[in-house]
Amino acid sequence: MTVRHFLTLRDLSSDELGYVIQRAIELKTMLRNGQVHEPFRGKTLGMVFEKSSTRTRVSFEVGMNQFGGSSIFLSPRDTQLGRGEPIEDSARVLSRMVDAVMIRTFAHSTVETFAAHSSVPVINALTDDFHPCQLLADIQTFVEHRGAIRGKRVVWVGDGNNMCNSYINAARQFDFELVICAPEGFDPRADLVAENSDRVRLERDPKAAVQNAHLVVTDVWASMGQEEEQAQREKAFRDYQVSPALMDLADKEALFMHCLPAHRGEEISHDMLDDPRSVVWDEAENRLHAQKALLEFLL
Ligand code: CP
Ligand code: NVA
């Protein structure tokens, strides 16, 4: 059987993604009911982190534990990856020992190169371009609160970053409308917007953008690796903060999501996460269930 990777949401078909979401909901119920499910006894996940993480690391580690398997945290600081051993060689070696690999890195091409030389499934745990695992959790959360996301209107407010690019892929795969509201100069990848112009459009004005939104999503203004642009970005994004007042202009059933970590007073107002429309804590928890479903699918 050919090895399946999960580098972007496009690596699974719409049906397969739908299956993973349903399975995530099922695994969550099983866990709540105390049902032991250990399909991964003796299996190991290699976890390569070139950037910081709280949710991603903990959710993958806990998920592997709950499945009866184990995980190894690999930081470039303590491995030969940080001393220049080629990605291709690292992929060949690691995949001879572990059963799946998860990578968080900078250039998206790094996970592509790794996957091309890996004999086991490779999961993108965030690159500069995409964060597909987060999207599984986001879609699961929407489905749990509101039912199917197909045909709904999702509005992205803020930076056209890795999360935003993944929302474009999600709009295509889960068949919803996506309005992207970023200041000029901070749009998502133009090729993705063009390719999905039947369901994705840009809108500069946040108040106009959120009209009739069923889901409003934002993320930090400066992503990991962009720390030096913080001050300049704060200026550019000043009018793009999501607040309860902005949410009032959306559909009355609208939900709010943020992949976290959040910067109160920047991309969100101080009270946004505590607003009843915010489902960020469920969203964070669902990283665990959605990735367990993904691992089960890939393995
Ligand atoms: N949302 C997310 O990926 O969080 P971490 O950076 O903490 O993993
Ligand atoms: N866009 C953010 C997401 C963090 C989970 C970043 O890349 O830093």
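Ligands are counted one by one from 1 in listed order, and the atoms in each one are counted from 1 as well.
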Please say whether [X] places an N or O atom under 3.5 Å from an N or O atom belonging to ligand 2.
X      : result
Asp219 : yes
Arg104 : no
Ser223 : yes

At a 4.0 Å threshold, what atoms of ligand 2 neighbour a non-hydrogen atom of Leu260?
->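 Answer for ligand 2: 5 (C).
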Numbered atoms and elements of ligand 2 in range of Leu126, under 4.0 angstrom, heavy atoms |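 In order of number, 3 (C), 4 (C), 5 (C), 7 (O).
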Could you please spell out the steps behind the salt bridge (Lys or Arg N to Asp or Glu O under 4.0 Å) verdict for Asp248 and Arg277?
-> CA-CA 10 Å; Asp248 289 343; Arg277 291 163 287 193; 2.8 Å; yes
Salt-bridge criterion met for Arg199 and Asp175 (N-O under 4.0 Å) =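 Salt bridge present between Arg199 and Asp175.
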[atom] - nearest protein heavy atom and its distance:
atom                   : value
atom 8 (O) of ligand 2 : Met224 N, 2.8 Å
atom 7 (O) of ligand 2 : Asn162 ND2, 2.8 Å
atom 2 (C) of ligand 1 : Arg287 NH1, 3.3 Å

Report yes or no: does a heavy atom of Asp128 sit under 4.0 Å from some atom of ligand 2?
->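 For ligand 2, residue contact (heavy atoms, under 4.0 Å) with Asp128 is absent.
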Using a 4.0 Å heavy-atom cut-off, say whether Arg104 meets ligand 1 through its side chain, its backbone, both or neither.
->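 Looking at Arg104 and ligand 1, just side chain atoms fall under 4.0 Å.
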Backbone, side chain, both or neither: what part of Leu126 comes under 4.0 angstrom of ligand 1, heavy atoms only?
->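 It is neither part, as no heavy atom is under 4.0 Å.
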Should you measure from each heavy atom of [X], which atoms of ligand 1 turn up under 4.0 Å away?
X      : result
Cys259 : 1 (N)
Thr54  : 5 (P), 7 (O), 8 (O)
Leu260 : 1 (N), 2 (C), 4 (O)
His131 : 2 (C), 3 (O)

Do the non-hydrogen side-chain atoms of Pro188 and Ile180 ever get within less than 4.5 Å of each other?
->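 A side-chain contact under 4.5 Å exists here.
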So which of Met163, Arg55, Lys51 gets nearest to atom 4 (O) of ligand 1, if we judge by its closest heavy atom?
->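 Ranked by closest heavy atom to atom 4 (O) of ligand 1, first place is Arg55.
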Determine the sole option in Lys28, Arg287, Gln22, Arg23 for which the side-chain contact (heavy atoms from CB on, under 4.5 Å) test with Gln140 is passed.
->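 The passing option is Lys28.
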Taking the side chain from [X] and the backbone from [Y], do they hold a donor-acceptor pair closer than 3.5 Å?
X      : Y      : answer
Asp11  : Leu7   : yes
Gln173 : Leu9   : yes
Ser118 : Val120 : yes
Arg153 : Gln211 : yes

Within 45 degrees of the axis of the six-membered ring of Phe73 and under 6.0 Å from its centre: does Arg57 put its NZ or CZ there?
->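 That pair qualifies as a cation-pi contact.
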For the residue pair Tyr167 and Trp156, categorise the inter-ring angle as parallel (less than 30°), tilted (30 to 60°) or perpendicular (more than 60°).
->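 Correct class here is tilted.
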